[in-house]
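Please read all numbers here as calculations on a predicted model, not as lab measurements. FYI, side chains are in, hydrogens and waters are out, and symmetry mates aren't considered; it's all heavy atoms of this structure. Start at 1 with the first residue, then count along the sequence.
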Amino acid sequence: MRKQWLIILLFFVCFYCSAQMKTNEILKKADYLCIPQIADFKWDLEVYYADGFSSTSRFLAKKQNKSKFMFYTFYPNKNFGNVYLRIDNDIWEYFLMADIVQRSSMQNNILNSNITFFDILFDDLIEFYDAQITGNKIIEVEGKDVDCIVLSLHTSKKQPQGYPNVLLYIDSKTNLPAKREYYSQNNVLLKVIYFYDYEFKNSKINAFTFKSVSTTVPDEYTIAKFYDIDEKSSMENKYFTIAFLQNWIPKAEDLR
């Protein structure tokens with residue numbers, strides 16, 4: 001009898017591990033399809049306010065694996081040279097005109113920004129959330145119906161304080177992200193992100209857009225446009241050090 005229970009227990013453990021591996025593979029694939037492990041790219045951040053005003057910022061960016069990101073501001077001119085750097089779970093900000101360096105955390109980035117590193121990355125979710133596949137659902141994104149795999153994510157112990165629960169919708173045909181929904185601990189919807197306008201070059205994604213809408217301020221929204229995504233085989237580590245970035249000026253052709 002004891003042997004039978006051990007066999008049953010082993011079956012369920014193997015089933016759980018297999019399901020978890022499948023979920024993790026979906027998240028990893030979605031991450032690398034959008035922005036590869038090592039890549040150069042640019043992105044524009046457009047914020048639209050309830051009073052009709054809007055603002056635009058443009059960044060030259062570099063990614064080295066999931067834990068290192070660099071955003072170099074090249075528009076507007078008043079912010080030229082300001083740098084946002086992520087190293088693991090720390091965020092560093094360098095302000096060129098004041099020559100000041102500030103350090104913050106992933107927690108602060110999650111709670112106080114319209115766009116967070118979590119919004120861009122999917123591989124990060126494997127580390128900070130427990131995920132499971134809950135089924136399929138057809139959703140509407142920018143006027144188009146998308147058949148999606150639905151993943152339910154819940155806070156793990158390692159996650160910095162942020163959104164406790166997330167529903168993630170992945171296009172079942174392309175494995176590309178289509179939508180994210182962020183919820184409170186009590187399952188109150190806080191923020192929705194839509195992914196769309198994917199563009200391809202040589203069978204790889206060259207550009208995509210996402211729109212972030214906060215349910216607490218429904219008349220305001222943020223659009224992030226990622227483009228010129230160029231996968232690299234390697235990247236110098238100097239691009240992820242404040243000492244180098246304080247004196248670095250990108251080439252003019254890289255800022256077009």
Side-chain angles (χ1 to χ4, degrees), residues 30-31 33-35 39 41-63 69-80 82-86 91-93 95 102 104-122 124-125 128 139-144 146 148 153 160-171 176-184 188-199 205-229:
D31 187 45
L33 281 174
C34 288
I35 302 178
F41 60 98
K42 300 186 186 79
W43 70 289
D44 297 349
L45 178 65
E46 301 171 356
V47 183
Y48 296 86
Y49 301 97
D51 57 10
F53 285 93
S54 64
S55 65
T56 300
S57 300
R58 295 193 173 99
F59 305 92
L60 181 69
K62 293 181 180 291
K63 176 187 176 183
F69 268 79
M70 185 277 288
F71 299 152
Y72 185 101
T73 312
F74 66 91
Y75 181 88
N77 290 335
K78 65 178 181 179
N79 295 332
F80 187 92
N82 291 352
V83 176
Y84 301 87
L85 189 65
R86 177 199 169 175
I91 310 296
W92 300 85
E93 299 174 74
F95 301 95
Q102 294 182 349
S104 61
S105 64
M106 284 289 287
Q107 173 184 338
N108 184 65
N109 179 249
I110 292 169
L111 296 177
N112 299 306
S113 302
N114 291 329
I115 300 294
T116 76
F117 286 95
F118 272 4
D119 298 333
I120 301 169
L121 296 174
F122 287 77
D124 250 358
L125 300 176
F128 296 117
I139 64 170
E140 183 178 326
V141 179
E142 294 296 300
K144 297 180 180 179
V146 184
C148 293
L153 293 84
Q161 184 179 351
Y163 298 104
N165 302 303
V166 182
L167 280 182
L168 183 60
Y169 299 83
I170 301 291
D171 189 321
L176 293 169
K179 184 182 179 183
R180 278 193 192 192
E181 296 173 348
Y182 293 96
Y183 292 85
S184 69
V188 176
L189 182 62
L190 301 174
K191 185 169 77 170
V192 180
I193 295 179
Y194 301 93
F195 296 79
Y196 55 97
D197 283 351
Y198 288 100
E199 297 178 14
I205 290 179
N206 184 59
F208 68 94
T209 299
F210 75 67
K211 180 179 181 179
S212 174
V213 181
S214 171
T215 59
T216 58
V217 192
D219 294 331
E220 297 185 1
Y221 60 94
T222 301
I223 293 179
K225 299 179 179 179
F226 298 81
Y227 55 100
D228 290 347
I229 300 171

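Rounding to the nearest 0.5 Å gives a distance of 6.5 Å between CZ of Phe74 and NZ of Lys42. Taken from CD1 in Ile229 to SG in Cys34, the straight-line distance is 7.5 Å, to the nearest 0.5 Å. A distance of 8.0 Å separates CD1 of Ile170 from CZ of Arg180, quoted to the nearest 0.5 Å. The structure places CD1 of Ile223 at 10.5 Å from CZ of Phe210, a figure rounded to the nearest 0.5 Å. Atom CG in Leu168 sits 10.0 Å away from atom CD in Glu181 (nearest 0.5 Å).
Looking at Lys191 and Ser212, their side chains come closer than 4.5 Å, going by heavy atoms from C-beta outward. Using a 4.5 Å cut-off on side-chain heavy atoms (C-beta onward), Thr73 and Phe59 make contact. Side-chain atoms of Val146 and Tyr169, non-hydrogen and from C-beta on, never get closer than 4.5 Å to each other. In this structure the side chain of Phe208 reaches within 4.5 angstrom of the side chain of Ile35, judged on heavy atoms. Contact check for Asp171 versus Phe195: no side-chain heavy atoms found under the 4.5 Å cut-off. Counting only heavy atoms from C-beta outward, the side chains of Ser214 and Tyr182 never approach each other to under 4.5 Å.
Summarising the geometry of Ala178 relative to Cys148, their closest heavy-atom pair is CB-SG, 3.8 Å, with the distance given to 0.1 Å. Taking all atoms of both residues into account, the shortest heavy-atom contact from Tyr84 to Glu93 is CE2-OE1, 3.2 Å.
Applying the side chain to side chain contact (heavy atoms under 4.5 Å, CB included) criterion to Asp219, with sequence neighbours excluded, gives Ala50. For Tyr75, the side chain to side chain contact (heavy atoms under 4.5 Å, CB included) partners two or more places apart in sequence, or in a different chain, are Thr56, Arg58.
Aromatic ring pairs are classed by plane angle as parallel below 30°, tilted from 30° to 60° and perpendicular above 60°; the pair Trp43 and Phe226 is parallel.
Taking the centre and axis of the six-membered ring of Tyr221, the NZ or CZ atom of Lys211 falls inside the cone set by 45° and 6.0 Å.
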